There are 2 protein chains.
Amino acid sequence: MARVGLTTERLVRAGAELADEVGFEQVTVSELARRFEVKVASLYSHVKSSQDLKTRIALFALEELADRAADAIAGRAGKDALVAFADVYRDYGREHPGRAAAARMRLDPETAAASAGVRHAQMTRAILRGYDLTEPDATHAVRLLGSVFHGYASLEVAGGFSHSAPDSQETWTRILDALDALLRNWPSEPTL
Amino acid sequence: MARVGLTTERLVRAGAELADEVGFEQVTVSELARRFEVKVASLYSHVKSSQDLKTRIALFALEELADRAADAIAGRAGKDALVAFADVYRDYGREHPGRAAAARMRLDPETAAASAGVRHAQMTRAILRGYDLTEPDATHAVRLLGSVFHGYASLEVAGGFSHSAPDSQETWTRILDALDALLRNWPSEPTL
DNA sequence: CGTGTTTGCCTAAGTGGTTTAGGTGGATGC
DNA sequence: GCATCCACCTAAACCACTTAGGCAAACACG
């Protein structure tokens, strides 16, 4: 009865890799058990349910992504920081599509509040220190950046921009140029 | 053996309503059969599979959304058109969260190419006629707008902006102001 | 108005993922 | 060396998906 050494930690990591291989939606307790060469029921001592497993993968991805983002913006400011930060999101989505999808998973409010999601929001706000935005404009801008990063990654992985000119990298660069210009010249009052 | 009068059309419509009630992920052939008071296997004369059903719901939502968008931009131009267009997306996401999620579902390339998705892209491009954008900037802008609409709707339905000031409506208005300003003053060359 | 054909819905059965209850034996600690 | 723990097991129930094949209601036509 060879003990494989299952732990919640190992299951979540393997689940994240599985997500990158087959897609987050296709992550299944059964497939994970197969990979560890263990019976399915054995996993239930380590995760409460299939849903619990997916939530843990999402939290793991959010942490990993936040760590990368923190590294990227350290010592940078202004457009430099914006681009480095944004590139972390885009690269993560391309490198780890399953984990990125997990990070976009809907979490219930308490779980979300205790997740690395708040670090993401804080870092986005930190980026804006390089621009002259006062509240509530800073909050609006945080939400805009979140929407763009989130949305672009989704559309890109869905193949929305592939196989059509100009290529996705070019668009990404120009979108960041545009966002930088927008943040430097944020319209303080509604333009009439 | 009372015939209920199942058709693919009716199943897809009921599936869309089910999606709005319980979430697109939770749409299931079994639940649909339950609602029609019919055995599960009976649905398989009308849809090929669970996946087929979901794809049809996605296509239905894309059509419906494109119709609404077309109505909204008729007779409008410039910021007026941009705001009307964008509001259609946001309102649809709030009014029909399940269908909106369906519309964001990943489709395989041929299906996507034959879907109303291309109408969405065309309409977005039409909006930009009110601004002075030449290629390839227009394409970049189309992708930016798509990312923002897509991303904002996802974050909003995930509860990202709820219960925190300023409210989501205010942010949405200000984001559209910002996008309008950006499109009127799109940075043609990378700012150095 | 019968009769044959279509077809809408059925039963039956197999596959596979999820989850719980309870058992067994290998590792650990005294 | 014994008791304990716990990692992993077997067994079994539940539910969603899917296919194959049957029956009878609806329809088309002479």
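Every chain is numbered from 1, with letters handed out A, B, ... down the list of sequences. The analysis underlying the following values was restricted to heavy atoms, covering all of them including side chains, and did not include hydrogens, waters or symmetry mates. The shown structure was predicted, so the numbers you read here are calculated from the model rather than taken from an experiment.
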Name the pairs: protein N/O against N/O of nucleotides 13-16 of chain D, kept only if under 3.5 Å.
residue, atom, partner, partner atom, Å
D/dA16, OP1, B/Arg34, NH2, 3.2
D/dA16, OP2, B/Arg34, NH2, 2.9
D/dA16, O3', B/Thr28, OG1, 2.8

Cationic N near anionic O, under 4.0 Å, A/Arg106 to B/Glu25: no
Gap between atoms NZ and P, on B/Lys39 and D/dT18 respectively (whole Å): 19 Å
A/Glu170 side chain near A/Phe161 side chain, heavy-atom distance below 4.5 Å: no
Under-4.0 Å side-chain N/O to phosphate OP1/OP2 contact, B/Ser45 with C/dG8: no
Separation of atom CG in B/Leu32 from atom P in C/dC9, rounded to whole Å: 13 Å
Nearest-neighbour nucleotide for the A/Tyr44 side chain, C/dC10, C/dT20, D/dC9 considered: C/dT20
For atom NE2 of A/His46 and atom C1' of D/dC9, their distance in whole Å: 12 Å
Distance-only donor-acceptor check, side chains A/Asp87 and A/Trp172, under 3.5 Å: yes
Minimum-distance nucleotide to A/Ala41 side chain [options: D/dT19, D/dC8, D/dT10]: D/dT10
Spacing between B/Leu6 atom CG and D/dA25 atom P, to the nearest angstrom: 17 Å
Gap between atoms NZ and C1', on A/Lys48 and C/dA21 respectively (whole Å): 19 Å
Check: B/Tyr152/B/Thr171 side-chain N/O donor and acceptor closer than 3.5 Å: no
Presence of salt bridge, A/Arg13 and A/Glu64, under 4.0 angstrom: no
Whole-Å distance separating the CG atom of B/Leu43 from the C1' atom of C/dT7: 15 Å
N-O pairing of A/Arg68 and A/Asp71 below 4.0 Å: no
Between B/Arg104 and A/Ser154, a side-chain donor and acceptor under 3.5 Å: no
Gap between atoms CD and P, on A/Gln26 and C/dG16 respectively (whole Å): 16 Å
Whole-Å distance separating the CG atom of B/Asp52 from the P atom of D/dT19: 11 Å
From C/dG8, D/dC17, C/dT19, nucleotide with atom closest to A/Ser49 side chain: C/dT19
